[in-house]
Chemist: 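Quick one: this structure, given as structure tokens, is what I'll be asking you about.
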There are 2 protein chains.
Amino acid sequence: MNPFDAPHPTNELKATAPVCDRCGSRVAGLCQPLDIAALDEISSESQQTSMPAHSMVFREGDPAGKVFTLIEGFAKLTRLLPDGKQQVVGFRFAGDVIGYTTLPSYPFDAELLTDSRLCRLERGQLDGLLRRYPKLERRMLDLCVQELTATQEQLVTVGRRSAEARVAAFLLSLVEASRRRGPPRTVLEMPMTRADIADFLGLTLETVSRSLTAFRKRGWIREPVHHRVELINLPALSALAEGTSDNG
Amino acid sequence: MNPFDAPHPTNELKATAPVCDRCGSRVAGLCQPLDIAALDEISSESQQTSMPAHSMVFREGDPAGKVFTLIEGFAKLTRLLPDGKQQVVGFRFAGDVIGYTTLPSYPFDAELLTDSRLCRLERGQLDGLLRRYPKLERRMLDLCVQELTATQEQLVTVGRRSAEARVAAFLLSLVEASRRRGPPRTVLEMPMTRADIADFLGLTLETVSRSLTAFRKRGWIREPVHHRVELINLPALSALAEGTSDNG
DNA sequence: AGAATGCCTTGAATCCGTTCGACGCGCCGC
DNA sequence: GCGGCGCGTCGAACGGATTCAAGGCATTCT
């Protein structure tokens with residue numbers, strides 16, 4: 001039914017919603033509280049698609065008719081200002097829901113940063129599922145509250161912290177996001193460009209670049225390869241992000 | 001049962017949830033989709049209280065055991081940084097819900113800006129109501145999505161707009177909030193201090209003061225009395241907030 | 001009434017982040 | 001191999017917002 005659910009020739013689990021078996025959404029996302037029966041139903045109503053980097057999942061103002069879960073990959077959510085500047089309102093990682101809103105149209109663009117796999121569901125179908133599985137609606141609300149709290153946190157970062165403190169906070173949020181998805185790692189995927197990070201933090205890309213260079217020179221981080229960071233001195237980054245200038 | 005529901009000696013409606021009859025929550029808030037029976041139940045489980053200006057409804061970190069609806073008055077929600085600076089993450093107006101979260105503790109302070117009246121409900125009671133009235137849970141989700149969208153909007157304002165554009169956007173958001181509560185007015189309540197506004201917009205109180213003075217000198221606004229603004233030239237304010245520097 | 005306090009306004013100097021310009025590097029297509 | 005392009009880095013100059021400081025105006029307290 002779909003090209004992704006059987007990478008191993010000997011997949012013995014295909015009787016129980018095989019599509020969902022290794023989806024991040026079961027760990028941290030929408031589908032976490034569902035039993036096998038519900039997963040079966042969801043997987044039969046949803047469609048998996050795969051899209052290349054830089055493609056738009058949807059645009060601000062499009063009728064909000066579909067809901068997505070990011071199975072694999074990275075995405076950014078952006079709002080455009082009339083003068084052309086953009087604000088990144090959030091990044092999304094494997095397992096995260098993208099595009100759920102009660103509004104008639106999406107309030108932001110969603111663009112993939114990497115080649116990705118998505119689980120797509122019609123809004124009407126999701127609403128039906130929400131009605132049939134109260135746990136799902138509750139989960140939806142939980143995720144919304146989580147996201148709201150994260151956005152308020154971001155508001156604090158953008159509103160009150162210095163440039164370097166913002167970049168440090170961003171790196172720490174990457175750690176947090178990675179922890180949500182699996183065991184803690186010191187080397188993290190960071191597929192966003194300096195410009196993306198700048199648009200997230202309310203800075204220019206030059207300032208982001210300078211901050212990261214400064215961290216590198218202080219030995220706090222390393223960038224072994226493009227789009228990957230190693231956080232060496234987490235306490236220092238935390239202290240900087242918190243505004244606690246006295247080093248510990 | 002409570003001192004507020006019968007200001008007129010001749011109240012003939014007291015048989016049908018009299019407490020809720022004139023509450024803003026029925027117009028724009030949580031209780032909007034409820035019928036008389038549900039309102040009766042809610043009003044019997046909730047308690048009305050009245051609190052003076054500058055009192056704290058709850059503090060960041062307090063166990064999130066209660067949910068409030070602001071019946072009358074104004075409140076600000078703030079997060080504190082380790083270095084003492086504060087970020088106002090939002091203002092709340094009559095009819096708005098305050099303090100609903102699925103987290104174990106409140107993620108921000110809630111402080112009243114004016115003498116206010118509040119409707120208080122135990123979190124457990126609300127959860128019970130949510131189970132009995134699916135419409136209510138749906139409404140909760142709607143409100144959360146609305147708030148998330150507003151917070152993202154605020155992120156754009158703080159992240160990408162100039163000081164004067166932020167202040168203009170703030171004034172326009174006051175108009176929006178007042179429109180939610182009733183017929184459009186040109187003279188608006190603005191009970192927050194310059195410092196509050198600054199902490200909301202990621203500016204200093206001096207910059208806010210200078211911006212408002214500039215607007216006044218251009219004839220765009222008037223401040224007939226303390227804590228009240230009249231918006232005279234809405235198009236100019238909108239243009240400035242949008243970053244459209246070419247005046248129309 | 002007079003003093004004290006909180007909030008707002010205004011000015012001058014400073015500073016942090018931006019702007020503008022240039023260059024290096026890796027990747028891709030030709 | 002070469003040129004073009006996207007992305008990242010770096011330096012110098014600029015500018016908008018902050019910081020620091022002073023003073024005004026209400027309201028409250030004594």
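We name chains A, B, ... by the order of the sequence lines, and we start the count at 1 in each one.
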Chemist: Whether B:Asp199 and B:Lys76 form a salt bridge (side-chain N of Lys/Arg under 4.0 Å from carboxylate O of Asp/Glu) is what I want to check.
Modeler: no
Chemist: Taking all atoms of both residues into account, what is the closest heavy-atom pair of A:Met51 and A:Val57, and its distance?
Modeler: CE-CA, 4.4 Å
Chemist: What does nucleotides 11-25 of chain D look like as a protein-contact string, B for base, S for sugar-phosphate only, - for none, at under 4.0 angstrom between heavy atoms?
Modeler: BB----SBBB-----
Chemist: Taking atom CZ as the centre, does A:Arg59 end up with more than 12 heavy-atom neighbours from other residues, nucleotides or ligands that are less than 6.0 angstrom away?
Modeler: no
Chemist: Taking atom C1' of C:dC8 as reference, at what distance in whole Å does atom CG of B:Asp196 sit?
Modeler: 13 Å
Chemist: Taking atom CZ of A:Arg185 as the centre, does the number of heavy atoms from other residues, nucleotides or ligands within less than 6.0 Å exceed 12?
Modeler: no
Chemist: Taking only residues at least two apart or on different chains, which pairs with a member in residues 48-58 of chain B satisfy salt bridge (Lys or Arg N to Asp or Glu O under 4.0 Å)?
Modeler: none
Chemist: May I ask you to check whether over 12 heavy atoms, not counting those of A:Arg216, lie within 6.0 Å of atom CZ?
Modeler: yes
Chemist: Can we say A:Asp83 and B:Arg160 salt-bridge, meaning some charged N sits less than 4.0 Å from an Asp/Glu carboxylate O?
Modeler: no
Chemist: Of the non-hydrogen atoms in A:Arg79 and A:Glu60, which two are nearest, and what is the gap between them?
Modeler: CA-OE1, 3.8 Å
Chemist: Provide a list of protein-nucleic acid N or O atom pairs under 3.5 angstrom, restricted to nucleotides 6-8 of chain D.
Modeler:
{"residue": "D:dG8", "atom": "OP2", "partner": "A:Arg194", "partner atom": "N", "Å": "3.1"}

